[in-house]
Structure formats: structure tokens, C-alpha cells
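The structure appears right after this line, and notes come after that.
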Amino acid sequence: MNYWLIKSEASCYSIDNLKRDKKTAWTGVRNYQARNFMRDDMRVGDLVLFYHSLGTPELPNGIYGVAKVASKPHADETQFDKKDMHCEPKAKDGVPIWACVDMAFVKKFKHPINLGEIKRSRELSGMEITRTGSRLSVTPVSEKHFKYITEVLAN
DNA sequence: GCCAACGTTGGC
DNA sequence: GCCAACGTTGGC
């Protein structure tokens, strides 16, 4: 069992959207390292922290809940769609460059865990999200950090 | 293969 | 809106 954190702008795809959809293909990731995590290291059933970036006063940056990996990796179909902003001209002849997995809704926390709180927590020091300039939208999370967030901070 | 220019992310 | 961080592109 591995643990992960995925970022999404709330205005783009929020945890409430995932709750409504129950399951969605996690498309649009256009970073090789993030893709490799999804394609090579994620397993069905892995648990995933759902982080909202580019927050507002109403929806501050932070972790809002938990999702889980619900499929093996597959091609990100948006790369073949010329009308999609994530269309990839290098994906010629239907040969995919970008991959994704499906994410399923697990739960939304009663209250979000703000980035500031995460950064201040000594137990969470070393988490990728606390590093300044960390832009990776898919990152591994240690079991210790995952459990501290879901079992201590979220309660 | 180097590296400058450029584009994007995302916190503040 | 600003800007630091950093990934990608492309000329050489």
C-alpha cells in the first residue's frame, strides 16, 4: 500500500466534484515525474490526500479529504482531443505520451487542513507540500504522514 | 550536452 | 498582481 497527495485547483476540479462523480479519470497531468508516479508506482487501492491549491478566503489551500486509486494506469484521452487545452501534438498516431489513473471518492474531512497548519506541524516536516517551490501535482506521502493527517489532524 | 529564454505553478 | 521556483524548449 502506497500513499499519495494530488493537487487540484478548486475552480478546476474540487473534492465536491469528485464526491458528486464518485470516480473520475485524473487527466490533465502534464509533468513527466507526476505521470511516472501514476503510471509506474500507483496501485489500485492506494490512498490519496486531496489538496486544493490556489485557494480563496472561502477555500484556503489545504487538504480536504481522501481519494483512492481506482484503476490501473491508462492513456489520458484528453491528449488526443484537439479541442482540449491538454491536447498533446506529440502524441501522434494515437500513441500516448500521457497516462493517468482513475480516482474514486473516499471521504471529505469535516474541516480542511490548511497549508499553514501543515507547515507548522513538526510531525509533518519533510512532506513535499511544505517545500517552497514544490510544484509537483502528484507526490508520494509516507504512511506516517498520511496517518497523522487522517487520524489526528482531521479529527 | 550546455544553458539562456521562456512558460507555468502556486504561495503570498 | 507579484515573483520565486523550476520544468521545458531550442539554438548552438
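We use all heavy atoms of the structure for the numbers below, so side chains are in, but hydrogens, waters and symmetry mates are not.
In this model, a donor atom of one side chain and an acceptor atom of the other lie less than 3.5 Å apart for A:Asn17 and A:Ser14.
Under the salt bridge (charged side-chain N to carboxylate O under 4.0 Å, His left out) rule, A:Asp76 has a single partner from A:Arg30, A:Arg39, A:Arg35, which is A:Arg30.
Ion pairing of A:Arg131 with A:Glu128 is present here, as a side-chain N (NZ or NE/NH1/NH2) and a carboxylate O approach within less than 4.0 Å.
No contact: A:Arg30 has no heavy atom under 4.0 Å from any strand.
Between A:Trp98 and A:Tyr32, the ring centre distance stays below 6.0 Å.
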Contact list (N/O, under 3.5 angstrom) for nucleotides 7-11 of chain B vs protein:
unit_1, atom_1, unit_2, atom_2, d
B:dT8, O2, A:Arg135, NH1, 2.2
B:dG10, OP1, A:Lys7, NZ, 3.1
B:dG10, OP1, A:Arg135, O, 3.0
B:dG11, OP1, A:Tyr51, OH, 2.7
B:dG11, OP2, A:Leu54, N, 3.2
B:dG11, OP2, A:Asn61, OD1, 3.3
B:dG11, OP2, A:Asn61, ND2, 2.9
B:dG11, O5', A:Asn61, ND2, 3.4

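Within the 3.5 Å criterion, the main-chain N or O of A:Lys119 finds no donor-acceptor partner in the side chain of A:Thr130.
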